[in-house]
Amino acid sequence: MDGNLASAADIPPAVLSRLHMLTQRADFQRATRAPHAAKPGFVLQMRKRRADEPVAPDVIRTGFTCSKKVGNAVARNRAKRRLREIARLALPQLGLPGHDYVLIGRKGATADLPFAQLQADFTAALSVLHGKSR
RNA sequence: GCGGAAGGCUGGAUGGUCGCGGUACGGGCAACUGUACCGAGGAAAGUCCGGACUCCGAAAAGAGACGGUGCCGGGUAACGCCCGGGCGGGGCAACCCGACGGAAAGCGCCACAGAAAUGAAACCACCCCGGGCAACCGGGGAAAGGGUGAAACGGUGGGGUAAGAGCCCACCGCGGGGCUGGCAACAGUCCCGGCACGGCAAGCCCCACCGGGAGCAAUGCCAAAUAGGGACCGCGUGUUGCCAGCCUUCGGGAUGGGGACAGGGCUGCUUUUGCCCCAGCAGGUCCGGGUUGGCAGCUAUAGCUGCCGCGGCAACGCGGCAGUCAGAGGAAUGAUCAUCCAGAGGCUUACGCCUUGGACAAAAUCCGGCUUACAGGCCUUCCGCGCGU
RNA sequence: UGGGGUGUGGCCUAGUGGUAGGGCAACUGUUUUUGGUACAGGAGAUCGUAGGUUCGAAUCCUACCACCCCAG
């Protein structure tokens, strides 16, 4: 392959700006009880926000977390950045508005697997969760 | 060429595509957006020391307690760091290592074994005298030999003696004193003493020096929001002079001012000095509740980097010139592709081809050190051995 | 950022300079028709790692590793 990332170039800025970052611990803990899909490189959790939460309903929010089990600071940072990259490339097109997505890094795999496989797994995980929620 | 020692540098390169944080200059009412530039390390790590800075009622001084450091001299803002020297140990050498003050200030400990573990003494064996046929017994001498132990009351050699012993002598060791060299640690040398002084201070301790506590989530400001709450502490107004005017029945009385004593408060271990209060009705501590926003601190100076000159053996200091070098804040510095450069493996006589694949580890207020981790590569100096000239 | 603690057979724990001990578990044997119980027996330890002090270190000192806890 030629490493074609043209799909990312097609993202309209308005859609990109709807991606928000999760920071609060409570948001992560709510996502823990939500449906999840495990892949070799990561675990994806998806949660539909309730209507009474003070967040705009068309916003997609994402969070990234890597525990100490993933490795030292370098390994954790690398894993989070790769997760952020696959989410940035795919989620504005494939994600559902009004949902929170949390990506969890896994030991060894997240930082070492080929990037194309991570992207494919992410797309597959999204379709599984979306099918479940319907 | 082989083996080794010391020191230093580096820590993949280039280019596309898509992103992130900051600054500057623009555009836009604003959300935002355009361009340019900058954007992890030698250890950013561990958080083991030392500081800067801020607060703690002023963070002031002395003594003690506690903690730390520990050959000498120098460097430094400071240090437990660095440099040089001394001494001891290791190595053929280059060189490396060392918690390296005091054990005649005192206390304590030295298991087992051994007669005995520092006060002195004597198990076996030795020598002399007496007794006994003898085995041996009694008295005395001596501490050289054996044995035990990690360590045994100076060592070796000679003289000496009944046997022996620093009893005497030489050398070595030890202690004391003098002289010489050195700022000093210490070294050299001479004289004296016949030996008295075992080890452990990373056991207590003694000596010298150093140290107030907390930490950028320090601290200051702004905004918002909630409450206008609960509990506790502090209610002590004393004594004595001086001054001023006032009242007076001439005894004195009250008021005001300013002192002293008593009392109270203040050093995040105690205490002394010290400081504050002394009449102001306000204040302090804790709990509960709310906010989990913004700005400053915040990155430039004990600066740092490069080059040059001077002083110094060196650490380092002084001076000049040039440059300026991340500032995030639930936390940016990334992802991916191609080519190349090292490296590893396979195939090949070889050229080469294919596959694989980048060490450790990421700023969190800043700086100086220490310690620990680290694939590979490069440079300089030195030592030993071998060969050639 | 600062402070505190722990590490000993598979598990829990004692030991504070002088031979590493106890309980549970596991193993072997006896008892029992068999299992369990009971009894008896033996084995099993780099004392977290590496250096040092000492004649001698689980113990004292230094550095490191892992885990846990606390405060703002």
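Chain letters run A, B, ... following the sequence lines, proteins first, then strands; residues in each count from 1.
- Taking atom CG on A/L118 and atom P on B/U336, their separation rounds to 9 Å, with Å as the unit.
- Rounded to a whole Å, the CG atom of A/N77 is 8 Å from the P atom of B/U333.
- For the C1' atom pair drawn from B/G3 and B/A315, the interatomic distance equals 34 Å after rounding to whole Å.
- Atom P of B/A363 sits at a distance of 35 Å from the matching atom of B/G288, rounded to the whole Å.
- Within the shown strands, nothing qualifies as a pairing partner of B/G241 under the Watson-Crick or G-U definition with both distances less than 3.5 Å.
- Residues meeting the side chain to side chain contact (heavy atoms under 4.5 Å, CB included) test with A/R76, sequence neighbours left out: A/C66, A/K68, A/V70, A/A73.
- For the atom pair A/K80 NZ and A/E85 CD, the distance stands at 15.5 Å (nearest 0.5 Å).
- With sequence neighbours excluded, the residues forming a side chain to side chain contact (heavy atoms under 4.5 Å, CB included) with A/A124 are A/K39, listed by chain and number.
- For B/A52, the O4'-C1' to base torsion is more than 90° from 0; the nucleotide is therefore anti.
- At least one donor-acceptor pair closer than 3.5 Å links the side chain of A/Y101 to the backbone N or O of A/L96.
- B/G377 and B/G311: their P atoms are spaced 43 Å apart (whole Å).
- Under the Watson-Crick and G-U wobble criteria, each requiring two contacts below 3.5 Å, nucleotide B/G215 is paired to B/C53.
- In this entry B/C81 has B/G75 as its Watson-Crick or G-U wobble partner, both defining distances falling under 3.5 Å.
- Closest approach of A/L103 to A/F122, counting heavy atoms only: CD2-CE1, 3.9 Å.
- Of the C1' atoms belonging to B/U219 and B/C56, the separation is 11 Å, rounded to the nearest Å.
- If you take CZ of A/F122 and P of B/A335, they are 18 Å apart, rounded to a whole angstrom.
- The base-pairing partner of C/C27, taking Watson-Crick or G-U wobble contacts with both distances under 3.5 Å, is C/G41.
- Residues A/L94 and A/F64 share a hydrophobic cluster, clusters being chains of Ile/Leu/Val/Met/Phe/Trp/Tyr side chains in contact below 4.5 Å.
- Taking the P atom of each, B/U267 and B/A364 are spaced 36 Å apart, rounded to whole Å.
- In this structure, A/R82 places its CZ atom 8 Å from P of B/A335, rounding to the nearest Å.
- Taking atom C1' on both nucleotides, C/U62 is separated from B/A104 by 33 Å, rounded to a whole Å.
- In this structure, B/G236 is classed as syn because its glycosidic torsion stays within 90° of zero.
- B/G119: glycosidic angle within 90° of 0, hence syn.
- Residues A/R84 and A/R81 both approach RNA chain B. Their nearest nucleotides, taken by heavy-atom distance, put A/R84 toward the 5′ side.
- For C/C60, the paired base is C/G52 (Watson-Crick or G-U wobble, both distances below 3.5 Å).
- In this entry B/A302 has no Watson-Crick or G-U wobble partner, no candidate having both defining distances under 3.5 Å.
- Per the geometry, CZ belonging to A/F64 stands 14 Å off P belonging to B/A335, to the nearest Å.
- In this structure, A/F115 places its CZ atom 15 Å from P of B/G334, rounding to the nearest Å.
- The nearest pair of heavy atoms linking A/R106 to A/P40 is CD-O, 3.5 Å.
- A/A75 meets the side chain to side chain contact (heavy atoms under 4.5 Å, CB included) test with A/N72; sequence neighbours excluded.
- With both pairing distances under 3.5 Å, B/G181 is matched to B/C186 as a Watson-Crick or G-U wobble pair.
- Distance, A/K80 NZ to B/A362 P: 13 Å, rounded to whole Å.
- Atom name C1', nucleotides C/C47 and C/G7: the rounded distance is 9 Å, in whole Å.
- With a 3.5 Å ceiling on both atom-pair distances, the Watson-Crick or G-U wobble partner of B/G293 is B/C222.
- Applying the 90° criterion around 0 to the glycosidic angle, B/G358 comes out anti.
- Base orientation for B/C190: anti, the chi torsion being more than 90° from 0.
- In this structure, CZ of A/R76 is placed 12 Å from C1' of B/A45, rounded to the nearest angstrom.
- When the C1' atom is compared between B/G252 and B/C275, the two are found 40 Å apart, to the nearest whole Å.
- Between the CG atom of A/L129 and the CD atom of A/Q45 there is a distance of 9.5 Å, given to the nearest 0.5 Å.
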So which protein nitrogen or oxygen atoms get under 3.5 Å of nucleotides 356-361 of chain B's nitrogens or oxygens?
none

